[in-house]
Amino acid sequence: MAHNDLTQSTIPLSTLPPAGPRTASVVHDGSAFEVSAALRHLGFDVTEGPGLSFSARYEEPRQLAILATKAGAPRPERLKDWVRELCARGTTVLAVGASIAPVAELFGSRLSDGPAPASARLADVTTEHAGLFVGSPLAFRLSLSNAPTVPCGELNSEFATTARTRRGEMIGASHVFRPIHLLHRSVVESDELRPLVLANLMRMVRDRGGRAF
């Protein structure tokens with residue numbers, strides 16, 4: 001489990017006002033069960049699965065789609081096709097872990113294929129108090145898993161970075177006018193950060209059509 005040195009409390013999901021019927025798809029490799037459980041607690045009708053297929057359950061219009069997958073699952077081109085469909089419907093998309101690269105590339109970023117770190121490490125993180133990180137400390141330490149990182153400089157101008165490490169690695173970013181968000185998987189694995197990020201995501205879905213800005 002990721003450990004974080006947070007200097008202020010996060011925003012509990014229970015503070016969110018009730019809303020009407022909500023639907024979400026969560027595609028993950030076993031690392032997002034807590035996310036699915038939190039969404040169900042908030043009243044979402046959650047479709048959950050290990051990968052993208054041509055099943056009808058993935059083709060239904062959804063308010064929210066969370067993609068938290070490992071490398072090679074699903075195929076990048078299939079993921080890009082599905083994200084195009086979601087964007088055409090105005091669905092909010094959160095890409096986590098290995099899903100970041102295909103989604104960022106769909107909107108014009110060119111990411112290099114760097115090796116994953118050999119082991120987890122503690123990283124100093126700074127935030128912009130925007131997007132998924134509204135209400136977070138300005139700086140904190142985050143235990144990064146051995147998942148690949150994305151240099152902030154490789155994201156094109158359609159994405160605004162909202163949290164980064166001191167080394168310039170992206171922890172969180174949001175599209176400047178679409179409801180598309182990118183998140184390092186260590187944030188989802190963190191018991192301290194996950195509630196705050198989901199609370200901010202829910203507010204954006206409710207109040208701004210999923211957009212951060």
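The figures that follow rest on heavy atoms only: side chains count, while hydrogens, waters and symmetry mates do not.
Looking at every heavy atom in both residues, Leu155 comes nearest to Ala104 through CD2-CB, 3.9 Å. When all heavy atoms of His184 and Leu144 are compared, the closest pair comes out as CE1-CD2, 4.0 Å. Here the closest non-hydrogen pair linking Asp124 and Arg141 is OD1-NE, 3.2 Å. Nearest heavy atoms, Ser157 versus Val176: O-CG1, 3.9 Å. Here the closest heavy-atom approach between residue Thr127 and residue Ser136 is recorded as OG1-OG, 3.1 Å. Among all heavy-atom pairs drawn from Val134 and His129, the shortest one is CG2-O, 3.7 Å.
Between Leu132 atom CG and Thr162 atom OG1 the span is 5.5 Å, to the nearest 0.5 Å. Note that CD of Glu128 is 8.0 Å distant from OG1 of Thr161, once rounded to the nearest 0.5 Å. Distance check, rounded to the nearest 0.5 Å: CG of Leu106 to CD of Glu77 gives 9.0 Å. Taking OG1 of Thr92 as the reference point, atom NE2 of His181 lies at 5.5 Å (rounded to 0.5 Å). Taking CZ of Phe107 as the start and SG of Cys87 as the end, the distance is 3.5 Å to the nearest 0.5 Å. Remark: Met204 CE to Leu94 CG distance equals 8.5 Å, nearest 0.5 Å.
In terms of the side chain to side chain contact (heavy atoms under 4.5 Å, CB included) criterion, residue partners of Arg211 (sequence neighbours excluded) are, by chain and number, Pro179. Arg208 meets the salt bridge (Lys or Arg N to Asp or Glu O under 4.0 Å) test with no other residue; sequence neighbours excluded.
Between the side chain of Ser190 and the backbone N or O of Glu192, at least one donor-acceptor pair lies under 3.5 Å. Side chain of Thr165 to backbone of Arg167: a donor-acceptor contact under 3.5 angstrom is found. Using a distance-only test at 3.5 Å, with no hydrogens or angles considered, a donor-acceptor pair links the side chain of Gln63 to the main chain of Thr23. Under the 3.5 Å distance criterion, the side-chain polar atoms of Ser109 are matched with a main-chain donor or acceptor of Asn156.
Contact check for Arg185 versus His28: no side-chain heavy atoms found under the 4.5 Å cut-off. Phe159 has its side chain out of reach of Ser174: every pair of non-hydrogen atoms, C-beta onward, lies at least 4.5 Å apart. Considering only heavy atoms from C-beta on, Leu42 comes within 4.5 Å of Met202 through its side chain. You'll find the side chain of Trp82 reaches within 4.5 Å of the side chain of Ser25, heavy atoms only. Phe133 places a side-chain heavy atom less than 4.5 Å from the side chain of Ile171. When side chains are defined from C-beta on, Val26 does not count as touching Thr47, because their heavy atoms never get closer than 4.5 Å. Leu182 is not listed as a side-chain neighbour of Val150, based on a closest heavy-atom distance of 4.5 Å or more. Side-chain contact between Thr91 and Val83 is absent, with no heavy atoms from C-beta onward closer than 4.5 Å.
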I would like to know whether Arg166 and Thr126 meet side chain to side chain contact (heavy atoms under 4.5 Å, CB included); could you show each step before the answer?
CA-CA 7 Å; Arg166 186 174 293 177; Thr126 59; over 6 Å; no

Take Phe213 and His175, measure what ring pair (Phe, Tyr, Trp, His ring centres under 6.0 Å) needs, and give me the verdict at the end.
CA-CA 8 Å; Phe213 308 109; His175 199 280; 9.4 Å; no

Assess the residue pair Met170 and Ile100 against the criterion (side chain to side chain contact (heavy atoms under 4.5 Å, CB included)); give the C-alpha distance rounded to whole Å, side-chain angles, the decisive distance to 0.1 Å, and a yes or no.
CA-CA 10 Å; Met170 187 216 74; Ile100 288 174; 3.6 Å; yes

May I have the step-by-step check of side chain to side chain contact (heavy atoms under 4.5 Å, CB included) for Leu67 and Val96, ending in yes or no?
CA-CA 6 Å; Leu67 314 174; Val96 181; over 6 Å; no

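Checked for salt-bridge contact, Lys80 and Glu85 miss the test: no charged N lies under 4.0 Å from a carboxylate O. Note on Arg194 versus Glu189: no salt bridge recorded, every NZ/NE/NH1/NH2 to OD/OE distance being 4.0 Å or above.
Within a 6.0 Å sphere centred on CZ of Arg84, other residues, nucleotides and ligands contribute more than 12 heavy atoms.
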